[in-house]
Amino acid sequence: MAVLTDEQVTAAVGTLDGWEHVDGALRRSVKFPSFLAGIEAVRRVAEHAESRDHHPDIDIRWRTVTFTLVTHSAGGITEQDTTMAADIDRILAS
Ligand SMILES: C[C@H](O)[C@H](O)[C@H]1CNC2=NC(N)=NC(=O)C2=N1
């Protein structure tokens, strides 16, 4: 899968909720009301990631969860990442 150009990533970020383009990846940090609410959200994202066979890197620090998306096999951000970012936005909003 093709790595997106910086311009393509910038355009995608404009359509997403709270994602930034940092260190060659897409990143969104979310603060939850409690540690367990964050874990529950991670669980829902993880189930979706499994179903799509595309997996975010996930950092959990008490109530703040950071999702990082990059296509490791391609060495950059691809459409799989922008699609997964939009999917995560939907999951977190529901
Ligand atoms: C075989 C399987 O499709 C690959 O290992 C997948 C799994 N999930 C993945 N997730 C991400 N983010 N990048 C990958 O390159 C990747 N590879």
Side-chain angles (χ1 to χ4, degrees):
M1 176 153 294
V3 172
L4 300 180
T5 65
D6 284 352
E7 289 73 21
Q8 287 173 314
V9 174
T10 301
V13 163
T15 71
L16 296 167
D17 184 12
W19 292 85
E20 32 176 15
H21 182 189
V22 189
D23 295 336
L26 289 174
R27 191 172 74 191
R28 180 180 173 184
S29 288
V30 188
K31 190 170 182 178
F32 291 92
S34 66
F35 179 67
L36 283 178
I39 295 295
E40 172 57 26
V42 165
R43 167 89 203 167
R44 291 192 290 142
V45 168
E47 282 192 1
H48 181 70
E50 279 287 271
S51 77
R52 292 299 155 94
D53 194 27
H54 195 65
H55 303 87
D57 299 334
I58 303 174
D59 180 83
I60 302 167
R61 304 206 177 213
W62 186 27
R63 294 186 289 152
T64 300
V65 178
T66 302
F67 299 96
T68 302
L69 284 166
V70 64
T71 303
H72 298 289
S73 58
I77 299 169
T78 69
E79 215 173 280
Q80 277 185 294
D81 299 303
T82 55
T83 299
M84 181 58 65
D87 292 348
I88 290 174
D89 287 345
R90 265 194 303 280
I91 290 166
L92 297 185
S94 66

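Computed over heavy atoms, backbone and side chain alike; hydrogens, waters and symmetry mates excluded. For ligands, and for the atoms within them, numbers begin at 1 and follow the listed sequence.
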Under 4.0 angstrom from atom 7 (C) of ligand 1, is there any protein heavy atom? yes
Of the protein's non-hydrogen atoms, which lies at the shortest distance from atom 15 (O) of ligand 1, and what is that distance? S73 N, 2.9 Å
Name the option, out of E50, H55, M84, that contains the heavy atom nearest to atom 9 (C) of ligand 1. H55
State whether the shortest distance between N or O atoms of T71 and N or O atoms of ligand 1 falls below 3.5 angstrom. no
Region of D81 engaging ligand 1 - heavy atom pairs below 4.0 Å: neither
Closest approach of any protein heavy atom to atom 16 (C) of ligand 1, naming residue and atom: H54 ND1, 4.6 Å
ILVMFWY network linking I88 to V30, side-chain heavy atoms under 4.5 angstrom: yes
How far apart are the closest heavy atoms of T78 and A2, and which atoms are they? CG2-O, 3.4 Å
State if D57 counts as touching ligand 1 under the rule of any non-hydrogen atom under 4.0 Å. no
Do the side chains of V45 and W62 join up, straight or via other hydrophobic residues, at under 4.5 Å, putting them in one cluster? yes
Does atom CZ of R61 have more than 12 heavy-atom neighbours from other groups under 6.0 Å away? no
Geometric N/O contact P56 with ligand 1, under 3.5 angstrom: no
protein heavy-atom neighbour closest to atom 14 (C) of ligand 1 works out as H72 N, 3.6 Å
Looking at every non-hydrogen atom in both residues, tell me the closest pair between L69 and D81 and how far apart they are. CD1-O, 3.4 Å
Among all protein heavy atoms in this structure, tell me which lies nearest to atom 4 (C) of ligand 1, with the distance rounded to 0.1 Å. D53 OD2, 4.3 Å
Above 12 or not: heavy atoms from other molecules or residues under 6.0 Å from CD of E20? yes
Do V42 and I60 have side-chain heavy atoms sitting under 4.5 Å apart? yes
